[in-house]
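Report on the structure given below.
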Protein chains: 2
Amino acid sequence: MPRKGLTKTAIVDAAIALIEEQGNRAFSLNELARCLAVRPASLYNHFENMEVLTGAVGFRIAEMIRRSELDAIAGMHGDEALFALCDAYRAFAREHMDLYKVIMGMQKDKNACTETACGEMIEPILLVLSDYGLTESDKMHWQRILRAMMHGFITHEYAGGFRHYPADHNETYRMAIQMVALGIHTAQKESEQ
Amino acid sequence: MPRKGLTKTAIVDAAIALIEEQGNRAFSLNELARCLAVRPASLYNHFENMEVLTGAVGFRIAEMIRRSELDAIAGMHGDEALFALCDAYRAFAREHMDLYKVIMGMQKDKNACTETACGEMIEPILLVLSDYGLTESDKMHWQRILRAMMHGFITHEYAGGFRHYPADHNETYRMAIQMVALGIHTAQKESEQ
DNA sequence: GTATAATACTAATGCTATTAGTTTGTCTTA
DNA sequence: TAAGACAAACTAATAGCATTAGTATTATAC
C-alpha cells in the first residue's frame, strides 16, 4: 500500500542485525520481513529470491572481513603481517560466527555479487603475500593454502572437532601459521635463485 | 498399521542412498519416508528427531571415510602414507560431496553418536602421524592442522573459491601436504634432540 | 492533472519438521 | 490357547518456510 521506504541497503542492514542478534537459524525471509514491519512478499520487490538476498548479505560480510584484515595488517610487513592477518581472520569468525557461516555457506560461483565478495576477502591476503617476492603462480597457490588452513581450522574448532584432546587451540593455530610461513620462505628462496 | 520391518539401519541405508542419488537438498524426513514407503511420522518411532537421524547418518559416513583412508594407507609409512591419506580424503569428498557436506555440517559435540563419528575419522590420521615419533602433544596439534588444511581446501575448492585464478588445484593441494610434511619433519627433529 | 511504474499488499500453494492421539500387529505370559 | 501389553505404524493437525499471482495504492514523470 504506502511506500515504506524499503531499500536494498536497509534490507541487508536488517538481515545483518537479525543474524547477529538472533543467530543464523532465525534468519528467514519471514523473520526478516517481521523485523522490517513488512509482509514477506514485499521483499521480492527488492530481491529476486532468498539466494540473491543472501548473496547481498554475504557481500556486506565480505566487506567487514576485508576491513578487519586491512586494519590488522596496517603498517606491517612479512611474517608479522601474516600472523596479524590470520589472527584477525580468526577473531572475526569467533566474534561473528553466525555471519561467518553465512558467507562460507555460499556457492561462490553462483552470481556476480558473491564472486566479487570472494575477491574482497582475498585482497588483504594477496597484499601480505606480495611482500615475499613470490612468483605470481606461487602467490596464488599460497593464498589458497592460507585460506584453506584458516577456514578449515575455524570450522573444526567451532564444530567441536578439536575437543577430544585438551591441547591449546591457540597454540595449534600459531603452529599452523608458522608452518605456512616456513613453506612460503622455502618458495621464496627457490624463486630468488 | 502392520509392521513394515523398519529398522534404524534400514532408515540410515535409505538416507545415504537418497543423499547420493538426489543430493543434499532432497534429504528431508518427508522424502525419506517416501523412499521407505512409510508415513513421515513413522520415522519418529526410530529416531527422536531429524537431528538425531542426521547424526546416525553422519556416523555411517564417518565409517565410510575411515574405511577409504585405511585402505589407502595400507602398508605405507611416513610421507608416502601422509600423501596417500590426504589424497584419499579429498577423493572421497569429491566423489561423495553430498555425504561429505552432511558430516561437516554437524555439530560434533551435540550427541555421543557424532562425537564417536569424529573419532572414527581421526583414527587413520593418528595412525599415519604415529610413524613420525612426535610427542603426544605435537601429534595432536598436527592432526588438527592436517584436518583443518584438508577440510578447508575441499570446502573452498567445491564452493568455487579457487576459480578466479587458473592455477592447478592438484598442485596447490600437493604443495599444502608437502608443507605439512615439512612442518612435521621439523617438529620430529626437535623432539629427537 | 493524468498516466505509468514501482511498491506493498492479500491470499494461496506446497514444502518442511513435529506432535497428539488412534489403530493394529506381534510377542509374552498366564 | 487366550489375554494383555508393547511397539510400530497410522491419521490428522499445527506452525513454520519460500514463493507466486493478482490487486491496490502511491510517488513520479509527462
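Note that these values count all heavy atoms, side chains included, but never hydrogens, waters or copies made by symmetry. Every chain is numbered from 1, with letters handed out A, B, ... down the list of sequences.
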Rounding to an integer number of Å, can you tell me how far [X] [atom1] sits from [N] [atom2]?
X	N	atom1	atom2	answer
B/N49	D/dG16	CG	P	18 Å
A/L32	D/dA18	CG	P	9 Å
B/Y44	D/dA8	OH	C1'	16 Å
B/R25	D/dC17	CZ	P	17 Å
A/L18	D/dC17	CG	C1'	14 Å
B/E48	C/dT18	CD	C1'	12 Å
B/L6	C/dT26	CG	P	15 Å
A/L43	C/dA6	CG	P	18 Å

Counting side-chain heavy atoms from CB outward, which of [options] is closest to [X]?
X	options	value
B/N30	C/dC9, D/dA18, C/dA17	C/dA17
B/S28	D/dA9, D/dA21, C/dT16	C/dT16
A/L29	C/dC9, D/dA18, D/dC17	D/dA18
A/R34	D/dT11, D/dT19, D/dC17	D/dC17
B/P40	C/dA17, C/dT18, D/dT11	C/dT18
A/R39	D/dA18, C/dT10, D/dC10	C/dT10

Hey, are B/R34 and B/E31 close enough for a salt bridge, meaning a charged N less than 4.0 Å from a carboxylate O?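 Salt bridge between B/R34 and B/E31, a charged N being under 4.0 Å from a carboxylate O: yes.
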Taking only Lys NZ, Arg NE, NH1 and NH2, and the carboxylate oxygens of Asp or Glu, determine whether A/E171 and A/R174 approach each other closer than 4.0 Å.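 Yes, charged N to carboxylate O under 4.0 Å.
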What I'd like to find out is whether the side chain of B/H151 reaches to under 4.5 Å of the side chain of A/F153, using heavy atoms alone.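 Not touching, per the 4.5 Å side-chain cut-off.
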Check: A/M50 and A/F27 side chains under 4.5 Å, non-hydrogen atoms: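 Side chain of A/F27 against side chain of A/M50, heavy atoms only: contact under 4.5 Å found.
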Spell out yes or no: do the side chain of B/N45 and the base of D/dA7 have one donor N/O and one acceptor N/O closer than 3.5 Å?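 Checked by distance alone, the answer is no.
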Short side-chain N/O contact from A/H46 to OP1 or OP2 of C/dA8, under 4.0 Å: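 The answer is yes; a side-chain N or O of A/H46 sits under 4.0 Å from OP1 or OP2.
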If the cut-off is 4.0 Å, is B/S42 near the phosphate of D/dC10, judged by side-chain N/O to OP1 or OP2?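 For D/dC10, OP1 or OP2 has a side-chain N or O of B/S42 closer than 4.0 Å.
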Selection residues 69-79 of chain A - residue pairs positive for salt bridge (charged side-chain N to carboxylate O under 4.0 Å, His left out), sequence neighbours left out: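 Every salt bridge (charged side-chain N to carboxylate O under 4.0 Å, His left out) pair that includes a residue of residues 69-79 of chain A, provided the two are not neighbours, is A/R67-A/D71.
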